[in-house]
Amino acid sequence: MGVREEGKHFLQKVFPFLPLFFLLSLSPLFPRPFRLHAWGVDTNREGVRGDMLDIKFLRENIDIVRQSIANRGGKVDLAEYEALDKERRGLILEVETCKMRRNEASKAIAQVKREGGDASAAIAEQAAVGQAIKDLDERLKAVDDRVQEFLLDIPNVPHESVPVGRTEDDNAVSWMWGEKPEFSFAPKEHYELGQELGGLDFERAAKLSGSRFAVTYGWAAKLERALATFMLDVQTGENGYFEVATPVIVNSTALYGTGQLPKFAEDLFKIDGQEAYLIPTAEVPLTNLHADETIDADRLPIGYCAHTQCFRSEAGSYGKDTKGLIRMHQFGKVELVHFTRPEDSFDQLEKLVKNAESILQKLGLHYRVVTLCTGDLGFSSTKTYDIEVWLPGQDKYREISSCSNMLDFQARRAGIRFKDKGQKKAQLCHTLNGSGLAVGRCMVAVLENYQREDGCIEVPEVLRPYLGVEVIEPIARF
RNA sequence: GGAGAGGUGGCAGAGUCCGGUUUAAUGCGGCGGUCUUGAAAACCGUUGAUGGGAAACCAUCCGGGGGUUCGAAUCCCUCCCUCUCCGCCA
């Protein structure tokens, strides 16, 4: 694999100045049925700021940003940033004035030479100017790099509907669906059930790979495959998504675009010696599909879904969820990603949650939806709904999906724009993403909610065509 | 992995040998207009991004980075990517 990014400063990677407009020309290749026109959307919704965390927005609204960082429990020295921004603008003025003079002088020299005159005096006069510009450019680049480092470190501003709080205890339960199933016996946890039924094997996984990996056999391998296929079928069939299969290795540019880098490098698996990483979620490749592109406005909203393996280092989660399938280094997930017009993104967020919920409803699994508070909100998100499924074995609700509106935060970093027909200016898209759903955790939920007293698992109605059985019974493994 | 050819605006495609009338020709497409009952054709005009500036305007951008020069799409170094052929391979 090539190391494409070597020798390239990361700022150039994040803000490449090469808009690729080929999507415009490709649009006839996308047939109508794949577009999401069925998603009725109200326009002109309030509460959306198009210029959020834009350098100019930040300059004019630094107090809002300062407050939002405080609400998240974060820390960024914005006073230093303000000084840098001021210095940057001063340097730009200075160096551009120099360049203007140089351009004028060069033109004059060219004129003299063309007429066969002697320009050596003028050339000698310009000798020092070139060096001065070089020095100024160097200083500007240094300041500019610092400014961009700050910008990359500043999280998105939480939407005003997001509760202010510090930890997950401050999240607000927004709505619920279904009811907790009742058991005439003490329900077991999924890893007990899975191991007793011969489907889950953590010992051999540890031998092969280490902790936080699993090997599945027979019905468990098949159930995982069935769940993923079922989810894709619903999302592409009923909910209108366009299925995509992406690479699971991406470069650092993509990870800067969606916000995993530069701040969260320790959560990622990096390929040794290369600027290449295993994806922590399909959000990264799906969102970056349109990086540095301008999308035809009449193609919006776009909805993609993909089933991929996801890889997370889980650094800092030692001792947490050490048993079972809940917290793995590798897990399957069906991801949903939307590209929308700015005024549509909050309606799209509601739609996105509903689409994720539809899977749990069809599986008959009880869940609640919580709105994350400012302290629990992800770096790139302005508002996030977590769907938490009920796990009777654990006697807890556990996150199975996280649906977020990123506004133009990722679009700015990745360069994702759209343009209306006849309009001169392209605008930044809004991007959203959510799990629809995490496959491993969904298997956990099925096992715990559909367990019988004899330890067998009743197969949910909708999965029976995929599995070919009504009950999961013990198997002997080799 | 080896050899060769390439990377220029929404697209196609000049310019690169021999640096300065290139503020990137020309064509197509897009947008606006004339004409027309309407359309097509023809003709006329227009046509990107980013940053600085209240604005006029200015600066930067020919795959990325660096260098030479008063001045670089053009010369030098380096990296990346694409294509063709060969090798290997599911």
Side-chain angles (χ1 to χ4, degrees), chain A residues 1-29 51 54-60 84-141 143-145 147-148 151 247 250-254 256 273-276 290-299 411-428:
Chain A
M1 183 179 305
V3 188
R4 196 183 111 200
E5 302 305 330
E6 206 162 79
K8 193 174 168 187
H9 190 276
F10 76 89
L11 300 170
Q12 269 74 49
K13 298 179 218 166
V14 186
F15 300 108
F17 297 114
L18 283 173
L20 303 176
F21 289 96
F22 60 79
L23 190 88
L24 288 166
S25 66
L26 286 180
S27 57
L29 296 177
D51 286 332
D54 173 62
I55 191 165
K56 284 179 186 166
F57 174 87
L58 185 55
R59 194 175 295 151
E60 285 155 22
L84 279 168
D85 182 50
K86 203 172 162 195
E87 188 184 351
R88 172 175 171 271
R89 285 194 285 166
L91 281 169
I92 286 173
L93 196 69
E94 206 177 331
V95 73
E96 287 190 356
T97 308
C98 283
K99 282 182 180 173
M100 187 179 69
R101 298 225 176 89
R102 181 185 69 183
N103 289 347
E104 283 167 358
S106 289
K107 239 177 256 177
I109 290 167
Q111 179 72 20
V112 170
K113 287 209 160 189
R114 232 178 289 125
E115 289 164 3
D118 177 18
S120 54
I123 289 175
E125 202 176 308
Q126 286 304 307
V129 177
Q131 189 57 46
I133 288 173
K134 200 174 285 179
D135 291 344
L136 281 169
D137 262 338
E138 233 164 76
R139 279 171 61 199
L140 177 60
K141 183 167 163 33
V143 171
D144 211 32
D145 285 356
V147 166
Q148 299 300 341
L151 288 176
V250 295
N251 58 33
S252 55
T253 308
Y256 275 102
Q274 302 194 31
E275 278 303 299
H290 293 299
D292 298 322
E293 292 183 6
T294 301
I295 302 168
D296 253 345
D298 61 12
R299 289 201 53 233
R412 173 168 298 106
R413 293 164 78 108
I416 306 167
R417 296 166 214 284
F418 73 95
K419 194 157 81 171
D420 285 296
K421 267 212 171 15
Q423 284 286 308
K424 235 183 130 145
K425 272 209 101 60
Q427 303 176 58
L428 290 169

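So that the names make sense, note that chain A is the first sequence line, chain B the second, and so on, each numbered from 1.
Base contact: A:Lys113 has a heavy atom under 4.0 Å from a base atom. Residue contacts for A:Ile92: at a heavy-atom cut-off of 4.0 Å it reaches the sugar-phosphate backbone alone, with no base atom in range.
Counting heavy atoms of neighbouring residues, nucleotides and ligands inside a 6.0 Å radius, atom CZ of A:Arg101 does not exceed 12 of them.
Taking atom C1' in both B:C77 and B:A14, one finds a spacing of 27 Å when rounded to whole Å. Rounded to the nearest Å, the gap between the P atom of B:A5 and that of B:U60 is 34 Å. Between B:U50 and B:G38, the distance separating the two P atoms is 39 Å to the nearest Å. With both ends at atom C1', the span from B:G51 to B:U46 equals 25 Å, rounded to whole Å. Taking atom C1' in both B:G15 and B:G27, the straight-line distance is 16 Å, to the nearest Å. Annotation: B:A72 and B:G65 have their P atoms spaced 15 Å apart (nearest Å). Spacing of P atoms, B:A59 relative to B:G6, comes out at 34 Å, to the nearest Å. B:G9 sits 15 Å from B:U74 when the P atoms are compared, rounded to a whole Å.
Counting to the nearest Å, the C1' atom of B:G48 and the CZ atom of A:Arg417 are 11 Å from each other. Atom P of nucleotide B:U60 and atom CD of A:Glu94 are separated by 16 Å, given to the nearest angstrom. B:G30 atom C1' lies 11 Å from atom CG of A:Asp296, rounded to whole Å. Rounded to whole angstrom, the span from the CG atom of A:Asp292 across to the P atom of B:G63 amounts to 15 Å. To the nearest angstrom, C1' of B:A59 lies 12 Å from CD of A:Glu104. Note: NZ (A:Lys86) to C1' (B:G52) measures 16 Å, nearest angstrom.
Evaluation of the side-chain hydrogen bond (donor to acceptor under 3.5 Å, both in side chains) test over residues 119-140 of chain A, restricted to residues two or more places apart or in two chains, returns A:Lys99-A:Asp137, A:Asp118-A:Ser120, A:Gln131-A:Asp135.
Between A:Met100 and A:Ala110, the residue anchored nearer the 5' end of RNA chain B, judged by the nucleotide with its closest heavy atom, is A:Ala110. Between A:Asp85 and A:Lys107, the residue whose closest nucleotide on RNA chain B is further toward the 5' end is A:Lys107.
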What does the list of N/O pairs under 3.5 Å between the protein and nucleotides 71-73 of chain B look like, with a distance for each?
from, atom 1, to, atom 2, distance (Å)
B:G71, O4', A:Ser106, OG, 3.2

Report, one pair per line, the protein and nucleotides 53-55 of chain B atoms (nitrogen or oxygen only) whose separation is under 3.5 Å.
from, atom 1, to, atom 2, distance (Å)
B:G53, OP1, A:Arg89, NH1, 2.9

Between the protein and nucleotides 66-68 of chain B, list every N/O to N/O distance that falls short of 3.5 Å.
from, atom 1, to, atom 2, distance (Å)
B:U68, OP2, A:Lys134, NZ, 2.9

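Rounding to the nearest 0.5 Å gives a distance of 11.5 Å between CZ of A:Phe418 and CG of A:Asp296. How far CZ of A:Arg417 is from CD of A:Glu293: 12.0 Å, rounded to the nearest 0.5 Å.
Listed here is the closest heavy atom pair of A:Ala411 and A:Leu428: O-CD2, 3.6 Å. Considering all non-hydrogen atoms of both residues, A:Ser252 and A:Glu275 come closest at OG-OE1, 3.1 Å.
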Expected list for residues 90-98 of chain A: side-chain donor-acceptor pairs under 3.5 angstrom, two or more places apart:
from, atom 1, to, atom 2, distance (Å)
A:Thr97, OG1, A:Leu93, O, 2.6

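One N or O on the side chain of A:Asn251 and one on the backbone of A:Thr253 form a donor-acceptor pair closer than 3.5 Å.
Using a 4.0 Å cut-off, some side-chain N or O of A:Arg88 falls inside it from OP1 or OP2 of B:G52. Distances shorter than 4.0 Å separate some side-chain N or O of A:Asn103 from OP1 or OP2 on B:U60.
Side-chain contact check for A:His290 versus A:Ile295: some heavy-atom pair is nearer than 4.5 Å.
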Quiz item: After noting the C-alpha distance and the side-chain angles of A:Ile133 and A:Arg102, does the key distance pass the side-chain contact (heavy atoms from CB on, under 4.5 Å) rule?
Solution: CA-CA 9 Å; A:Ile133 288 173; A:Arg102 181 185 69 183; 3.7 Å; yes

Self-check item: Watson-Crick and G-U pairing of RNA chain B written in dot-bracket, each distance under 3.5 angstrom, with | for inter-strand partners
Solution: ((((((((.[[[..)....(.....]]]((((((.......))))))(((((....))))).[[[[[..)....]]]]])))))))....

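Closest to the A:Glu96 side chain, of the nucleotides B:C70, B:G20, B:G51, is B:G51. When the nucleotides B:G20, B:C70, B:U50 are ranked by their closest atom to the side chain of A:Ala127, B:C70 comes out on top.
A search for salt bridge (Lys or Arg N to Asp or Glu O under 4.0 Å) contacts involving A:Arg89 returns A:Asp85, not counting sequence neighbours. For A:Lys113, the side-chain contact (heavy atoms from CB on, under 4.5 Å) criterion is met by A:Ile109, A:Ala119, A:Ile123, not counting sequence neighbours. Listed by chain and residue number, A:Asp144 satisfy the salt bridge (Lys or Arg N to Asp or Glu O under 4.0 Å) test with A:Arg88 (two or more places apart in sequence, or in another chain).
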